[in-house]
Amino acid sequence: MVDRKEDAKNRTALDILVAGAGYVGLAAAVSLKQARPSLGVAVVDAAPAGAWQKDGRASAIAAAACRMLDQLGVWAEIAPEAQAITEMIVTDSRASDPVRPVFLTFDGEVAPGEAFAHMVANRDLNGALRRRAEKLGIDIIEGVAVSAFDVNGAGITVHLVDGATLKAQLLVAADGVNSKLRDMAGIKTVKWEYGQSGIVCTVAHERPHNGRAEEHFLPAGPFATLPLKPDKDGTNRSSIVWVERSEDAEKLVDGDDLVFEHELEQRFGLKLGEIRVADRPRAWPLGLTLARAFVAPRIALAGDAAHGIHPIAGQGLNLGFKDVAALAEVVVEADRLGQDIGALDVLERYQQWRRFDTLQMGITTDVLNRLFSNDISPLRAVRDIGLGLVERMPRLKDFFIRQASGLSGDTPKLLKGEAI
């Protein structure tokens, strides 16, 4: 069996090096290599081998991203374990309210038979992308971080902490919201914290969810219930994204299990029968991080390295897939024209394509969070009237579904399900 780490260390000359073996980094590597097999592509990641298999979370994958994954040859593997979101409802209430009136409902299809989103286990998504990458001959170097890099005219020299050196034309930084490569490149960010944390866990429940997703706007932040595929033993399950004030979230996650389950039941309700927490809840702080630039000489940021937004609209991962599709299209077209794929004028085409959309989504999620995460009576009245008006306007609802599905605006080819 080939030692991929040693193989990659010996292969010092590449065309593209991707830093980060999460979904965005792997999708970027696969997109580029599939479209241009002649390109030498490798992925390097600081996390130890196998760490991704311990991720018990699930993610909402929008319809456009599903089309891209299908084009990349991985959706057929993922689909049997994915849960389509067939309906979504929105409420605005307090946790103690005996009745939660539904203000807004969405049909979950963007086209006949095509759900606007699917819930996919992170392990399934990551595993499918890894297997596709390996089939395409992409080296994945795990447990080794980038320590430094030098830009030298026609290329970039990347130094790894284990002493290995790799040379490439382009370095793609997909190393997360606290990106070290972004800092090394001198790219500044606009950043602030919300004083909120997101609690994530899986809940088992007595009755089936029938593909319905729910988002309850509560004073401390949104509480989202997202449908999952039943477990192998037939257990009905949902994924919870529960936003609370950070100090309260820490107490809930670190405190007594009975207290957590009581607070969870108050928010989840008993509409699906008895519930129980199926895994260990975890919490992480929420904030807004927007890179002031998406590119630097020989470097392109993608995914959370370029933007970290509030989960209120569930668009974080899907923004990252949009980055991948746009970057791959720009780089592939440049390579076909014989241009330098890492040249700043080429990378600026990617930046122009993605920066405004990302800024717009960042501002939108920020405004929604500030508008809905409070208990101010006049604001509550205004937003509930607004939700009610949207409910009565089918065309506006269709517009929002198209937005949520990732199929609006200047959509890259891969997100349309088209080859580059």
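Remember, it's a predicted structure, so these values are computed and weren't measured experimentally. Worth knowing before you read on, the calculation uses all heavy atoms, side chains too, and leaves out hydrogens, waters and symmetry mates.
Ion pairing between D279 and R237 fails under the 4.0 Å rule for side-chain N and carboxylate O. Electrostatic pairing of R132 and E134 does not count as a salt bridge here, judged by no charged N lying under 4.0 Å from a carboxylate O. Ion pairing of E244 with R267 is present here, as a side-chain N (NZ or NE/NH1/NH2) and a carboxylate O approach within less than 4.0 Å. Salt bridge present: R36 and D335 bring a charged side-chain N and a carboxylate O closer than 4.0 Å. Under 4.0 Å is where a charged nitrogen must lie from a carboxylate oxygen, and between K322 and D357 at least one such pair does. At a threshold of 4.0 Å, the pair R67-E114 counts as salt-bridged, since one of the basic side-chain nitrogens sits closer than that to a carboxylate oxygen. Under a 4.0 Å N-O distance rule, the pair R349/E329 does not qualify as a salt bridge. Between E81 and K229 there is no salt bridge, since no side-chain N of the basic residue sits under 4.0 Å from a carboxylate O of the acidic one.
Using a 4.5 Å heavy-atom threshold, the side chains of R280 and V200 count as separate. Side-chain contact between S238 and H205 is present, with at least one heavy-atom pair separated by less than 4.5 Å. Using a 4.5 Å heavy-atom cutoff, the side chains of I141 and V144 are in contact. Between V44 and L160 there is a side-chain heavy-atom pair separated by less than 4.5 Å. Two residues are said to be in side-chain contact when any heavy atoms from C-beta on lie closer than 4.5 Å; T235 and R276 meet this criterion. Two residues are said to be in side-chain contact when any heavy atoms from C-beta on lie closer than 4.5 Å; F116 and L407 fail this criterion. Inter-residue side-chain proximity for R298 and L170 is flagged as unmet; no heavy-atom pair is nearer than 4.5 Å. Contact of the L344 side chain with the V295 side chain is registered, since non-hydrogen atoms from C-beta on lie closer than 4.5 Å.
The 12-atom threshold is not exceeded at NZ of K251, counting heavy atoms of other residues, nucleotides or ligands nearer than 6.0 Å.
For the atom pair CH2 of W242 and CG of L252, the computed distance is 5.0 Å after rounding to the nearest 0.5 Å. Taking CZ of F217 as the reference point, atom CG of N374 lies at 11.5 Å (rounded to 0.5 Å). Interatomic distance, CG of D304 versus OH of Y23, reported as 10.0 Å (0.5 Å rounding). Rounding to the nearest 0.5 angstrom, the gap separating the CZ atom in R355 from the CZ atom in R292 is 9.0 Å. Rounding to the nearest 0.5 angstrom, the gap separating the CG atom in L327 from the CG atom in L301 is 10.0 Å. Note that CG of L319 and CD1 of I309 are 4.5 Å apart. Values are rounded to the nearest 0.5 Å.
Shown are T289, T189, D323; of these, the side chain to side chain donor-acceptor pair (under 3.5 Å) with H307 is made only by D323.
In summary, the aromatic rings of Y194 and H310 are positioned with their centroids under 6.0 Å apart.
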